[in-house]
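Only heavy atoms go into these numbers, but all of them, side chains included; no hydrogens, no water, no symmetry mates. Predicted model only: the values in this text are computed from it and were never measured. Per chain, numbering begins at 1; letters A, B, ... match sequence-line order.
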2 protein chains.
Amino acid sequence: MSYSLHERLASDTLAVTSLDLCQVRLMDDSRFPWLILVPGVVGISEIHQLSSAQVRQLGEESCRLARVMEGIFQPDKLNVASLGNLVPQLHLHHVARFRDDPCWPGPVWGCGEGRPYPPQEADSLCQRVRAALGAGGA
Amino acid sequence: MSYSLHERLASDTLAVTSLDLCQVRLMDDSRFPWLILVPGVVGISEIHQLSSAQVRQLGEESCRLARVMEGIFQPDKLNVASLGNLVPQLHLHHVARFRDDPCWPGPVWGCGEGRPYPPQEADSLCQRVRAALGAGGA
């Protein structure tokens, strides 16, 4: 079985870049800056199913992405979560939260309807995140 | 400033045990097996504010707890999350989810009202988790 992105992740998100372990994807929901790490490992649905080395790498890439998001978006809080109740392929959400966002202080999952980005805005945002990660976001 | 548990975490959760980095606490909500890791580090609200060594240790302790929860509760899915919109002290939720639990497939945060355990049941559950962690849950 070769690695492929779950169809729901593929349809809801846009490609940003790839790190050593994970694909970085932008959730197409302009209500919050929301990025997702998807480890390129086949058949995994839980973090603890990764090898110890992969868990460490995921932690490093998550912190690197979190610092980039903090720098670009200056959120009041980051929400970092592996849920997977609907999409079993392991993926780690990173959501920049603001006290005036439409779901604060509740979680974003299951909260209202997403609002897709205007296409140019999504491209521009992906470019900013990609540049910041490439510049050594760690 | 010395380390102390946030008053909301102290009131909503029960002590299970301590690992090298984190306190392990049981959320007093019998709707789901729900355990929380609280790193014993002062003034931290985000995972990426920990040192690299602490991030690795948190990953190890999280996976150890996740395996213990999988063994005891045999959930359909684990939800692992650092949110902190209401309680800024860094804490990492681990929730054992079931397809027939009252919030599936939505998140547990903000979903209905908690149902505290009968006291003896909470004690017994803490004891089971403590024993499994002590037996080398990794």
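Of all residues spanning residues 71-80 of chain A, those with a heavy atom less than 4.5 Å away from chain B's heavy atoms are A:Lys77, A:Leu78, A:Asn79, A:Val80, arranged by number. Scanning residues 82-99 of chain B against chain A with a 4.5 Å non-hydrogen threshold yields B:Ser82, B:Leu83, B:Gly84, B:Asn85, B:Leu86, B:Arg97, sorted by number. Scanning residues 111-123 of chain B against chain A with a 4.5 Å non-hydrogen threshold yields no residues. Inspection of non-hydrogen atoms places no residue of residues 11-21 of chain A under 4.5 Å from chain B.
Contact count against chain B (heavy-atom pairs under 4.5 Å) is highest for A:Ala81 among A:Gly106, A:Gly59, A:Ala81. The choice from A:Ser45, A:Ser52, A:Pro105 that makes the most heavy-atom pairs within less than 4.5 Å of chain B is A:Pro105. In terms of non-hydrogen atom pairs under 4.5 Å with chain B, the most contact-rich of A:Gly110, A:Pro107, A:Ser62 is A:Pro107.
One finds the CD atom of B:Glu46 at 10.0 Å from the CE atom of A:Met69 (value rounded to the nearest 0.5 Å). Between B:Arg67 atom CZ and A:Gln49 atom CD the span is 9.0 Å, to the nearest 0.5 Å.
By the criterion of side-chain heavy atoms lying less than 4.5 angstrom apart, applied directly or through intervening Ile, Leu, Val, Met, Phe, Trp or Tyr residues, B:Val41 is grouped together with B:Ile47 in one hydrophobic cluster.
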